[in-house]
Amino acid sequence: GAPGPRQTGPPLPAPINSQGFAILNGRLYSIGGHDGTTGSRAEVRFSALGSDGVPGAWDTTASLPGARYDLVAVTALGRLYALGGTQSGAGLATNSLYYAKPEADGRIITGWTSASLPAQISGLSAVSFTTTGSDIFAIGGFDNTGYGRASVYVSRLNAPTGEPGPWHTLGDMPAPL
């Protein structure tokens, strides 16, 4: 059938752009971002999704260890992953990867664990995929010169811990993404 009329929920408490979004366990997470004036943000907010898919009130949880914008977020193995992004100030892409497992109420109590991407990348795309294990693919993006990247990387996640394994290059796309 055709989609119903568009509905909106409450706005984020402050204007944020270039953040990562992910849905996990019926909650929408807004991770990092840029506030348009003072720079990159580390805040993580979440909202329970109603049965109609509309977000409810926003709540805060443990912030990222480092502020980022132009990052991407994915979910796998019951965890949130925040990949890459740009740091305010010098505007440099980062190779950071943070992951955390939210509690049943959506809050991140134990904090975020740090890992690394194989390169400094901002504005990338990512997807998680489960076959015999769980893999995260990091695709395209931009390096510190602003040059588009055509690289495709994959990391197999450790099922009990969610820790990313070594990154492998799958090759390049025909053109930068």
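None of these values were measured; they are calculated from a predicted model. All values below were derived from every heavy atom in this structure, side-chain atoms included, with hydrogens, water molecules and symmetry-related copies excluded. We number each residue from 1, following the sequence as shown.
For the pair Thr61 (side chain) and Ile108 (backbone), a donor-acceptor distance under 3.5 Å is present. Here the side chain of Asp70 pairs no donor or acceptor atom with the backbone of Thr86 at under 3.5 angstrom. Counting only distance, with no hydrogens or angles, the side chain of Thr169 and the backbone of Gly171 share no donor-acceptor pair below 3.5 Å. Put simply, the side chain of Trp58 never gets that close to the backbone of Ser30: no donor and acceptor are under 3.5 Å apart. Remark: the backbone N or O of Thr94 is not paired with any side-chain donor or acceptor of Arg68 at under 3.5 angstrom.
Side-chain contact check for Leu24 versus Tyr29: some heavy-atom pair is nearer than 4.5 Å. Ile136 places a side-chain heavy atom less than 4.5 Å from the side chain of Val74. Within the 4.5 Å cutoff, the side chain of Phe21 has no heavy atoms near those of the Ile31 side chain. At least one side-chain heavy atom of Pro13 sits under 4.5 Å from a side-chain heavy atom of Arg45. Contact annotation: the side chain of Asp135 never approaches that of Leu157 to less than 4.5 Å [non-hydrogen atoms, C-beta and beyond]. Put simply, the side chain of Ile121 does not reach to within 4.5 Å of the side chain of Asp143, judged on heavy atoms. Between Phe137 and Phe129, some side-chain heavy-atom pair lies under the 4.5 Å cut-off. No side-chain heavy atom of Leu71 sits less than 4.5 Å from a side-chain heavy atom of Leu83.
In plain terms, the two heavy atoms of Ser40 and Ala67 that are nearest each other are OG-CB, 3.4 Å. In terms of heavy atoms, Ala76 sits closest to Tyr81 at O-CE1, 3.5 Å. When all heavy atoms of Arg79 and Tyr99 are compared, the closest pair comes out as CD-CD1, 4.3 Å. Closest approach of Gly78 to Pro102, counting heavy atoms only: O-CD, 3.7 Å. Closest approach of Gly56 to Pro10, counting heavy atoms only: O-CG, 3.0 Å. Here the shortest heavy-atom pairing between Ala62 and Gly111 reads CB-CA, 4.4 Å.
Expressed to the nearest 0.5 Å, how far OG of Ser63 lies from CZ of Arg41 amounts to 9.0 Å. In this structure, Leu124 CG and Leu117 CG are separated by 6.5 Å, a value rounded to the nearest 0.5 Å. The distance from the CG atom of Leu28 to the CG atom of Leu49 is 5.5 Å, given to the nearest 0.5 Å.
Criterion: ILVMFWY side-chain heavy atoms under 4.5 Å apart, direct or through other members. Under it, Val72 and Leu77 are part of a common hydrophobic cluster. Note: the hydrophobic cluster containing Tyr98 also contains Leu80 (ILVMFWY, side chain heavy atoms under 4.5 Å, direct or indirect links). Placement of Val154 and Met173 within a single hydrophobic cluster is found when ILVMFWY residues are connected by side-chain heavy-atom separations under 4.5 Å, directly or transitively.
The hydrophobic cluster containing Tyr69, built from Ile/Leu/Val/Met/Phe/Trp/Tyr side-chain heavy atoms closer than 4.5 Å, comprises no other residue.
Counted by atom type alone, Asn95 and Gln120 present zero donor-acceptor pairs between their side chains at under 3.5 Å. Under 3.5 Å, the side chains of Ser134 and Arg156 contain no donor-acceptor pair of N or O atoms.
The aromatic rings of Trp167 and Tyr153 stand perpendicular to each other, their planes meeting at an angle above 60°, with 30° marking the opposite boundary.
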Apply side-chain contact (heavy atoms from CB on, under 4.5 Å) to the pair Glu43 and Leu64, showing each step before the final yes or no. CA-CA 6 Å; Glu43 289 89 6; Leu64 294 172; over 6 Å; no
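Evaluation of the side chain to side chain donor-acceptor pair (under 3.5 Å) test over residues 101-112, restricted to residues two or more places apart or in two chains, returns Asp59-Arg107.
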